[in-house]
Amino acid sequence: EADAIGFNVLTRAGFDSSGMARMFELLQKEARTNGGNAPEFLLTHPLTESRIAFAKERERNTDDHNFYSSLGFQLIRVRAMLYQTTEKERPITLLALINSVPEGLKEPVKLYADVLSAIDLGQPKRAQELAQQLALQPDHLYFRLLNAKVMVANGQFEQAVALLETQLAESPDNIAIKTFLAQTLLNAGYGPQALSAFQSLSKERPEDPWIWQQLAKAASQTKSLLTVYKANAEYHQLTGDISQGVAELKLARAYASNDPIEFARLDHRINELQTLFKQLDFGR
């Protein structure tokens, strides 16, 4: 049963469905090196041979279309690789990644990687030149978002905002579009719009410290001091600095002294964080 659940998790996460059988084969090889197995009825787990047979049977009965062969999955792999490697390591790592991509996806995946790399290396004009080739690639959301990223890199904020708003109208629940749009509004200096966007995101994803950090920046742009204090407080408590979070809330409470309802809300939140601080025993 655990193998069945594990196999489903593996394939839904986009990994090659043959991976489980290959892993068991490696385990079997290791067991033989170390003297083989006891009889199956004495084991807490089935014999590795049984698990290999099970995994291969599941693989045969799995729909050939899986996330690994999807363009979206491969583009996310590229993004993860770029953010996890240094500039020096990148060429070799990227080559290995491209070699592992299904043949029909190599060209669009490499183009996506080249454009992202150019932006990351501070080469906006090169990114813009490369991005012209995206028109020849499949119409995919991640390519449209990449176009917006190129526009931002070249200071074309209005065009980027217009593109992202169009995408959001088509996919109103897409968190990637929402966060990118909010960040673009902030970087473009559209303070009130950025503030509204990050306030909505903070309600949708209240456990994300990055959103609270950006909300504080947007509030600072619009001189909304109370929101700055409150957002900073949430950012600090989510990143482990509860005492600083309490300090920010006390500043907010003092600022809201003429608003009894807001004052009471802040006082309650201060008590919550102080209780949490004591429970975690950070005060020693």
Side-chain angles (χ1 to χ4, degrees), residues 76 79 83 119 141-142 144-153 155-277 280:
I76 289 296
R79 287 182 63 85
Y83 288 122
I119 294 171
L141 172 63
Y142 293 164
R144 290 178 237 147
L145 294 182
L146 184 60
N147 261 322
K149 198 172 185 69
V150 171
M151 291 173 185
V152 169
Q156 300 170 328
F157 291 108
E158 288 186 14
Q159 296 95 315
V161 168
L163 176 56
L164 291 169
E165 287 178 338
T166 299
Q167 297 310 307
L168 188 59
E170 292 180 9
S171 307
D173 297 324
N174 190 295
I175 193 65
I177 302 173
K178 289 180 182 179
T179 54
F180 191 9
L181 176 57
Q183 186 66 55
T184 302
L185 290 167
L186 179 61
N187 292 342
Y190 300 156
Q193 298 96 315
L195 180 63
S196 175
F198 277 115
Q199 283 176 325
S200 296
L201 282 168
S202 69
K203 294 173 184 174
E204 188 174 342
R205 298 171 72 92
E207 301 301 317
D208 188 335
W210 178 83
I211 289 175
W212 291 106
Q213 186 182 48
Q214 301 310 304
L215 175 56
K217 291 179 181 178
S220 180
Q221 270 193 12
T222 59
K223 303 188 186 310
S224 304
L225 195 55
L226 180 61
T227 303
V228 172
Y229 291 143
K230 290 164 66 177
N232 276 333
E234 297 307 317
Y235 167 76
H236 285 299
Q237 70 91 9
L238 285 169
T239 53
D241 193 352
I242 297 179
S243 59
Q244 184 59 39
V246 171
E248 293 283 347
L249 286 173
K250 287 180 177 178
L251 290 171
R253 185 177 60 182
Y255 188 83
S257 58
N258 293 326
D259 183 342
I261 295 176
E262 186 65 37
F263 186 93
R265 287 198 193 106
L266 291 165
D267 199 54
H268 177 70
R269 185 61 176 146
I270 289 169
N271 289 332
E272 283 183 333
L273 290 191
Q274 287 176 332
T275 300
L276 177 61
F277 188 86
L280 295 174

> Among Ile177, Asn147, Asn174, whose side chain to side chain contact (heavy atoms under 4.5 Å, CB included) with Gln167 holds?
Replying inline: Ile177
> Within a radius of less than 6.0 Å around OH of Tyr142, do more than 12 heavy atoms belonging to other residues, nucleotides or ligands occur?
Replying inline: no
>> Ignoring hydrogens, what is the shortest heavy-atom contact between Pro192 and Thr222? Give both atom names and the distance.
In response: N-CG2, 3.5 Å
> Considering residues at least two apart in sequence or located in another chain, which fulfil the side-chain contact (heavy atoms from CB on, under 4.5 Å) criterion with Ile119?
Replying inline: Val115, Ala127, Leu146, Lys149, Val150, Ala153
> Is the count of non-hydrogen atoms from other residues, nucleotides or ligands lying under 6.0 Å from Arg144 atom CZ greater than 12?
Replying inline: yes
> Between Ala182 and Leu201, which heavy-atom pair has the shortest distance, and what is it?
Replying inline: CB-CD1, 3.9 Å
> When rounded to the nearest 0.5 angstrom, what is the spacing between CG in Leu251 and CG in Leu226?
Replying inline: 11.0 Å
Under 3.5 Å donor-acceptor pairs involving side-chain atoms of residues 207-216, not counting sequence neighbours:
from	atom 1	to	atom 2	distance (Å)
Asp208	OD1	Trp210	N	3.0
Trp212	NE1	Pro206	O	2.9

> Rounded to the nearest 0.5 Å, what separation is found between the CD atom of Gln199 and the OG1 atom of Thr227?
Replying inline: 5.5 Å
>> Quick one, Lys230 with Leu266, criterion side-chain contact (heavy atoms from CB on, under 4.5 Å). Give me CA distance, side-chain angles, the key distance, then yes/no.
In response: CA-CA 9 Å; Lys230 290 164 66 177; Leu266 291 165; 3.8 Å; yes
>> For the CE atom of Met151 and the OG1 atom of Thr184, what is their distance to the nearest 0.5 Å?
In response: 11.0 Å
>> Would Leu195 and Gln221 count as a side-chain contact (heavy atoms from CB on, under 4.5 Å) here? Give the steps.
In response: CA-CA 9 Å; Leu195 180 63; Gln221 270 193 12; over 6 Å; no
> Can you name the salt bridge (Lys or Arg N to Asp or Glu O under 4.0 Å) partners of Arg253, sequence neighbours left out?
Replying inline: Asp267
> Near Tyr235 OH, under 6.0 Å, is it more than 12 heavy atoms from other residues, nucleotides or ligands?
Replying inline: no
> So, are Arg269 and Glu234 salt-bridged, with charged N and O less than 4.0 Å apart?
Replying inline: yes
> Stepwise, does the side-chain contact (heavy atoms from CB on, under 4.5 Å) test hold for Phe157 with Val152?
Replying inline: CA-CA 5 Å; Phe157 291 108; Val152 169; 3.8 Å; yes
> Between Pro172 and Ala169, what is the shortest heavy-atom contact and its length?
Replying inline: CD-O, 3.9 Å
> Nearest heavy-atom pair of Ala160 and Ala148: which atoms, and what distance?
Replying inline: CB-O, 3.8 Å
>> Between Leu273 and Phe277, does the side-chain contact (heavy atoms from CB on, under 4.5 Å) criterion hold? Intermediate values first, please.
In response: CA-CA 6 Å; Leu273 290 191; Phe277 188 86; over 6 Å; no
> For the atom pair OH (Tyr255) and CG (Leu249), what is the distance rounded to the nearest 0.5 Å?
Replying inline: 15.5 Å
> Above 12 or not: heavy atoms from other molecules or residues under 6.0 Å from CD of Glu158?
Replying inline: no
> Will you find, in the side chains of Asp241 and Ser243, an N or O donor that is under 3.5 Å from an N or O acceptor?
Replying inline: yes
> How far apart are the closest heavy atoms of Phe263 and Ser257, and which atoms are they?
Replying inline: CD1-CA, 3.9 Å
